[in-house]
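First comes the structure, then the notes that go with it.
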Protein chains: 2
Amino acid sequence: MSQSRPYHHGDLRSALLASAERTLREKGAAALSLRELARDIGVSHAAPGRHFKDKQALLDALALGGYDRLNRALTAADLPDATFEPRITSLARAYITFAVDNAELLELMYSRKHDPDIDSELADAVELSLCSFVNLIADAQRRGEIVEGDPERVTLVAAAGIHGLAAMTSNGTLQPDETLAGLDHYAHLLLHGLKPR
Amino acid sequence: MSQSRPYHHGDLRSALLASAERTLREKGAAALSLRELARDIGVSHAAPGRHFKDKQALLDALALGGYDRLNRALTAADLPDATFEPRITSLARAYITFAVDNAELLELMYSRKHDPDIDSELADAVELSLCSFVNLIADAQRRGEIVEGDPERVTLVAAAGIHGLAAMTSNGTLQPDETLAGLDHYAHLLLHGLKPR
DNA sequence: ACCTGAACACCGTTCAAGT
DNA sequence: ACCTGAACACCGTTCAAGT
């Protein structure tokens, strides 16, 4: 709320990202326009070009911010001393909650638009988001709670399942409350298998 | 290859869809422009408007076509008389193969852009794609091969996992050959669980 | 019924010039 | 270093008019 806008915005980059995420949440990725962002912030339409080389660069930065928050949420929800079942349930709940609260952002994060050769930061963030699950599996194996085998491979069974639940929930195939309510059941089936005991 | 283009194209709608899918595959969804499509086909830029009320309608039609092909692939790969493990492996292989061969299209199919209230045809197609999995689970339950319980709920464990594998493979997180090679292992873990026996 | 051509209101991106 | 204003080459969509 500064009187008589100064020539320099001060922190245009942050302002652009914040405004972009609001638009993303309210009107979807298709409605994101650099010119409209600039208009909303009260800056010339060419100004964003100083901070993002093109629109894709802004989308990449948005996705990177999303992974940062997702990774923080996963880390916060991790229960390193818990046994497999409550631990994966907690991680899954954090992931699904993030998916529900940030559906459009998650779609952007998943999208193939980000060239990993160009944006290695993003590739690192994606890998980091898998880390919580790899750690969970490795710990559980060390304790003899789950089967042996390449942790990355075993992780896939858990991570792909939760990724799928998150994607299906965020894109509307599944109801958020149903998905969250079914998580305990899900973890149980994952651990004990579909085969009757 | 008609000499001296006639005034009427003949089957502009199909031509637009075919050209759009080629662009989608070669240059991605972001590069899709109705005007460029019209130019490639050799028709005025306003002509597409006769067949699709707006760009989103063309994207919806593209996604619908994708689900048709996916559903045909799943039906063809289904082995109604097989036991659970080979049957789900076959379905998963078909799904992943489709995901690898149609990565950009799959992203479009998954996207939240399609309003189900407006395009109920698409919602039906999505549900149909889950049908193969629901049938598989229901049959296996009837034979006592897998645990009892709401088929839709149990299906989720299998469908979400495969959906996740497909998404992660199509967006580059997973290598296609590794995913396909790990499918038997995946199906085994799904059936027997992560817990050591 | 199907398509054209012009028109309208937007875009993203670039670049000399301003502060 | 950061931003502006004009310019360029694009868009999607609409609508009278043509075939």
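Reminder, nothing fancy here: chain letters follow the sequence lines and each chain counts from 1.
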*Reading DNA chain C 5' to 3', what string of ( ), [ ], | and . shows its pairs, if Watson-Crick and G-U wobble pairs count only when both distances fall under 3.5 Å?*
||.|||||...|||||.||
*Residues in side chain to side chain donor-acceptor pair (under 3.5 Å) with B:Arg197, at least two apart?*
none
*Residues in side chain to side chain donor-acceptor pair (under 3.5 Å) contact with A:Ser14, at least two apart in sequence or another chain*: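 Checked A:Ser14 against side chain to side chain donor-acceptor pair (under 3.5 Å); matches are A:Asp11.
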*Could I get the full list of side chain to side chain contact (heavy atoms under 4.5 Å, CB included) partners for B:His51, not counting sequence neighbours?*
B:Leu12, B:Arg13
*Measure from CD1 on A:Ile41 to P on D:dC3 and round the result to the nearest Å.*
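Interatomic distance, CD1 of A:Ile41 to P of D:dC3: 10 Å.
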*Between B:Ser132 and B:Leu74, what is the shortest heavy-atom contact and its length?*
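Residues B:Ser132 and B:Leu74, closest heavy atoms: OG-CB, 3.8 Å.
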*asked:* Each nucleotide in nucleotides 9-15 of chain D should get exactly one letter: B, S or -. Can you fill that in based on protein heavy atoms under 4.0 Å?
replied: --BBBBB
Ignoring hydrogens and angles, write down the donor-acceptor pairs under 3.5 Å from the side chains of residues 182-195 of chain A, residues two or more places apart or on other chains.
from	atom 1	to	atom 2	distance (Å)
A:His188	NE2	A:His192	ND1	3.3
A:His192	ND1	A:His188	O	3.0

*Any luck finding a side-chain donor-acceptor pair between B:Asp119 and B:His114 under 3.5 Å?*
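Side-chain D/A pair, B:Asp119 to B:His114: absent.
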*asked:* Exactly one of A:Asp81, A:Asn135, A:Asp78 should register a side-chain hydrogen bond (donor to acceptor under 3.5 Å, both in side chains) with A:Arg87. Which one does?
replied: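 Going through the options one by one, the only one that passes is A:Asp78.
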_From A:Thr97, A:Thr169, A:Thr173, residue fulfilling side-chain hydrogen bond (donor to acceptor under 3.5 Å, both in side chains) relative to A:Thr179_ = A:Thr169
